[in-house]
Amino acid sequence: MSVLIDRNTKVVVQGLTGREGSFHAKQCLDYGTQIVAGVTPGKGGLVWSDEEGKYSVPVFNTVEEAVKETGANASLIFVPPPFAADAIMEAADAGIKVIVCITEGIPVNDMVKVKRALEGTGVRYVGPNCPGVITPEECKMGIMPGHIFKKGRVGIVSRSGTLTYEAAYQLTARGIGQSTVIGIGGDPVPGTTHKEAVEMFNNDPETDAIVLIGEIGGTMEEEAAEYIKENVKKPVVAYIAGVTAPPGRRMGHAGAIISGGKGDAKSKMEALREAGAYVCNTPAEIGEVMERALKERGLL
Amino acid sequence: MKIHEYQAKEIFKDYGLPIPRGIVVHNAHEAERAAKELGTPVVVVKAQVHAGGRGKAGGVKLAKSPEEAAKIAAQMIGSRLKTYQNPEGLPINCVLIEEGVNIDKEFYVGLTLDRETSRPVFMVSAAGGMEIEEIAKTNPELIIKEHVDPAMGELLPYQARKIAFKIGLTDRKLVNQFVKILNTLSKMYFELDASLIEINPLVKTKEDNFICLDAKIDFDDNALYRHPKVQELEDTTQIDPLELEAKKWDLNYVKLDGNIGCMVNGAGLAMATMDTIKFYGGEPANFLDVGGTATVERVAAAFKLLLSDPKVKAIFVNIFGGIVRCDRIAGGIIEAAKQVELDRPLIVRLEGTNVEIGRKMLEESGLNIIPAKDMADGAQKAVKAARGEI
């Protein structure tokens with residue numbers, strides 16, 4: 001088992017006919033993801049095909065039509081920032097419960113409103129500004145290089161795309177597979193938080209251990225630490241990026257900033273350590289520390 | 001994006017918020033004329049730079065005559081203001097001459113995103129004039145918080161009244177003025193896509209009126225595309241030249257003090273690369289994320305940027321290709337090496353999508369590259385190279 005997505009997930013890609021959408025949809029299809037529909041307003045009725053003509057996917061004008069015609073139950077969004085909030089709301093309105101938004105650069109207030117609008121609806125959206133979600137060897141909804149993942153029993157949640165790859169790559173190299181890998185993204189208002197992802201992994205009987213990758217800014221890691229302290233018996237290996245980041249400077253991600261004396265790496269590491277997590281000094285240690293943690297618990 | 005106080009006050013004025021009368025000037029002569037025109041016994045001369053803590057740094061001074069205003073303006077304009085937020089200093093190109101105000105009481109008003117609740121939050125304190133960080137540390141109970149519900153799109157009157165009574169306002173006229181100010185700020189926050197609005201201090205005058213003595217607005221960079229008028233307010237003289245160059249290429253670059261230049265894809269990995277260099281005893285010279293859609297030209301520009309910093313003794317390129325394919329990065333490195341003289345050791349670690357093509361391209365390029373097998377290996381080699389040990 002896994003969380004969020006599996007081999008039965010039927011994906012609609014919003015923005016399928018765009019450059020990024022086309023490129024990554026092809027990669028997802030190569031990985032084995034069931035992409036059943038695309039949505040591009042005005043291009044309904046077309047059939048999208050990759051350059052080699054290996055795949056063909058019907059394109060619809062609206063998500064509502066796509067869901068009705070194909071039974072899509074998850075949406076992967078590649079539309080440009082000005083249209084992203086609209087795209088998320090359209091997917092939610094069409095009854096889709098798992099939405100993954102890759103788009104980077106969405107105005108913060110757009111996501112503030114989306115988050116408020118989707119409160120209590122049961123819609124789980126991941127992102128934006130994220131690499132997506134992958135359940136290895138079953139379903140890839142995102143832009144991550146599929147070959148570095150391997151099916152297994154470790155869940156990964158991360159704010160950073162490339163650090164997600166780094167962690168998965170190290171685990172895979174040690175023969176440790178992953179149940180599901182969730183890139184929650186680097187924005188200040190993420191759809192899914194560290195705590196929510198940890199909670200999903202904690203409740204998943206086929207996830208044995210969790211890798212949590214955080215960074216400076218906000219208090220998501222502290223909230224996750226609080227949850228871990230109270231509820232999680234599974235081993236948690238954590239890494240927090242940005243020990244050397246100066247306060248008040250935004251480090252690439254819109255959400256990666258130490259401000260108002262809040263959000264520095266050390267206090268996050270401290271909170272996680274106190275919650276019983278194995279905290280790594282550099283991301284290069286993640287694989288090694290996880291292997292040790294699994295062995296200590298007799299899980300490997 | 002940041003703007004100057006005088007620009008923020010113009011926006012405040014458009015929204016009907018009370019601000020002191022003031023005139024922006026660029027030289028001593030204009031300053032003298034402005035002070036005369038304002039005609040108050042005291043005027044305030046305020047340096048216009050993009051930094052907080054101006055008062056303590058000597059960027060806000062009182063003048064008791066137009067001549068004195070001219071003298072102060074002459075000293076300020078053309079100099080650099082060094083503040084605790086910006087030790088290197090920022091150039092003062094203009095000053096704001098403002099009428100003196102009879103201050104009775106000062107308040108702090110701030111509005112920004114609360115990341116815990118994903119809603120904008122007002123922070124108000126009767127301890128005005130101080131830095132909010134300081135109040136938060138020493139007297140957190142003095143900060144009154146109230147969230148703006150995004151579904152309502154503005155702070156409701158009852159919420160503003162709650163704050164007003166908590167900070168000790170009783171006079172009905174003043175309470176109403178205060179409610180109006182907070183409600184206006186909350187609308188402005190959404191309409192202009194601000195990321196921070198701050199009035200420090202909001203002043204109650206001896207004549208029993210509120211006036212925004214200071215004004216600060218930061219804007220969400222992601223939303224600037226829908227605010228062309230705000231974009232026009234950008235003052236690039238307040239930005240580090242290297243960071244400005246990086247911005248032109250849509251690169252995320254932050255200058256630091258060390259001597260190992262870093263070029264990384266992904267903000268998280270870029271931070272982690274800095275941390276790893278530090279962990280192995282080195283000092284990173286910068287944060288640089290080449291981003292998700294790096295073209296050969298952009299990578300080449302990033303490379304030139306690193307080489308333009310004379311402090312940089314070695315360069316560590318750390319790439320894990322997801323969206324950015326390794327062949328593109330390799331192409332960028334080769335292209336940049338053709339355009340600039342590669343006079344410093346270059347350590348490259350490539351992993352991810354199209355890694356084999358990327359590695360082969362670098363190998364066949366004839367460039368003098370020190371390959372690294374993983375991130376830790378690369379960081380250690382970069383630290384050694386910066387010390388001249390390899």
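Quick caveat: nothing in here was measured; it's all calculated off a predicted structure. Here is the naming used below: chain letters follow the sequence lines, and residue numbers restart at 1 for every chain.
- Proximity to chain B is absent for every atom of A:P131, based on heavy atoms less than 4.5 angstrom apart.
- Residue A:Q27 does not touch chain B at all, counting heavy-atom pairs closer than 4.5 Å.
- Considering only heavy atoms from C-beta on, A:K113 comes within 4.5 Å of B:F190 through its side chain.
- Most heavy-atom pairs under 4.5 Å with chain B: of the set A:M220, A:R250, A:K262, A:E215, this distinction falls to A:E215.
- Interface remark: A:E166 contributes backbone and side-chain atoms alike to the contact with chain B (heavy atom separation under 4.5 Å).
- Using cut-offs of 30° and 60° on the angle between ring planes, the pair B:F320 and A:Y165 is tilted.
- With hydrogens and angles disregarded, no donor-acceptor distance shorter than 3.5 Å links the side chain of B:D220 to the backbone of A:P107.
- Heavy atoms only, all atoms of each residue included: A:V112 and B:S118 are closest at CG1-O, 3.5 Å.
- Using a 4.5 Å cut-off on side-chain heavy atoms (C-beta onward), B:L113 and A:V189 make contact.
- Residue B:A194 touches chain A through its backbone alone, counting heavy-atom pairs closer than 4.5 Å.
- Counting heavy atoms from C-beta outward, A:R249 and B:E243 have side chains that approach closer than 4.5 Å.
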Exercise for the section: Start with the C-alpha distance between B:V254 and A:M251, add both sets of side-chain angles, then the distance that settles side chain to side chain contact (heavy atoms under 4.5 Å, CB included), and finish with yes or no. Expected result: CA-CA 7 Å; B:V254 177; A:M251 307 306 274; 4.2 Å; yes
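- The candidate with the highest count of non-hydrogen atom pairs below 4.5 Å against chain A, out of B:R349, B:E283, B:K278, is B:R349.
- For B:L256, the part lying under 4.5 angstrom from a heavy atom of chain A is the side chain only.
- At a cut-off of 3.5 Å, with distance as the only test, no side-chain donor of A:T162 or B:N265 sits close to an acceptor on the other residue.
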Exercise for the section: May I have the step-by-step check of salt bridge (Lys or Arg N to Asp or Glu O under 4.0 Å) for B:R226 and A:D110, ending in yes or no? Expected result: CA-CA 12 Å; B:R226 56 189 178 202; A:D110 287 8; 2.7 Å; yes
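- The choice from B:N354, B:L251, B:N222 that makes the most heavy-atom pairs within less than 4.5 Å of chain A is B:N222.
- Residue with the most contacts toward chain B among A:G218, A:A284, A:G248, A:A265: A:G218 (heavy-atom pairs, distance under 4.5 Å).
- Every residue meeting the side-chain contact (heavy atoms from CB on, under 4.5 Å) condition with A:I258, not counting sequence neighbours, appears here in chain and number order: A:I216, A:P247, A:D264.
- Rounded to the nearest 0.5 angstrom, A:H253 NE2 and B:M271 CE are separated by 6.5 Å.
- The candidate with the highest count of non-hydrogen atom pairs below 4.5 Å against chain A, out of B:Y225, B:Y280, B:Y253, is B:Y225.
- The minimum heavy-atom distance linking A:T282 with B:T276 is given by the pair CB-OG1, 3.8 Å.
- Residue A:I213 does not touch chain B at all, counting heavy-atom pairs closer than 4.5 Å.
- In terms of heavy-atom pairs under 4.5 angstrom with chain B, the leader among A:S158, A:G263, A:G255, A:G161 is A:G255.
- Contact annotation for B:D377: neither backbone nor side-chain heavy atoms come within less than 4.5 Å of a heavy atom of chain A.
- Within the 4.5 angstrom heavy-atom criterion, no atom of B:A270 approaches chain A.
- Most heavy-atom pairs under 4.5 Å with chain B: of the set A:G252, A:P246, A:S160, A:P81, this distinction falls to A:G252.
- For A:P82, the parts lying near chain B are the backbone and the side chain together; criterion is any non-hydrogen pair under 4.5 Å.
- Interface remark: A:E223 contributes side-chain atoms only to the contact with chain B (heavy atom separation under 4.5 Å).
- Proximity of a side-chain donor or acceptor of B:D275 to a complementary backbone N or O of A:A241 within less than 3.5 Å is not detected.
- Proximity to chain A (any heavy atom under 4.5 Å) is restricted, for B:N252, to the side chain, taken from C-beta onward.
- The part of A:I148 that comes within reach of chain B is its side chain, from C-beta onward, which places non-hydrogen atoms under 4.5 angstrom from that chain.
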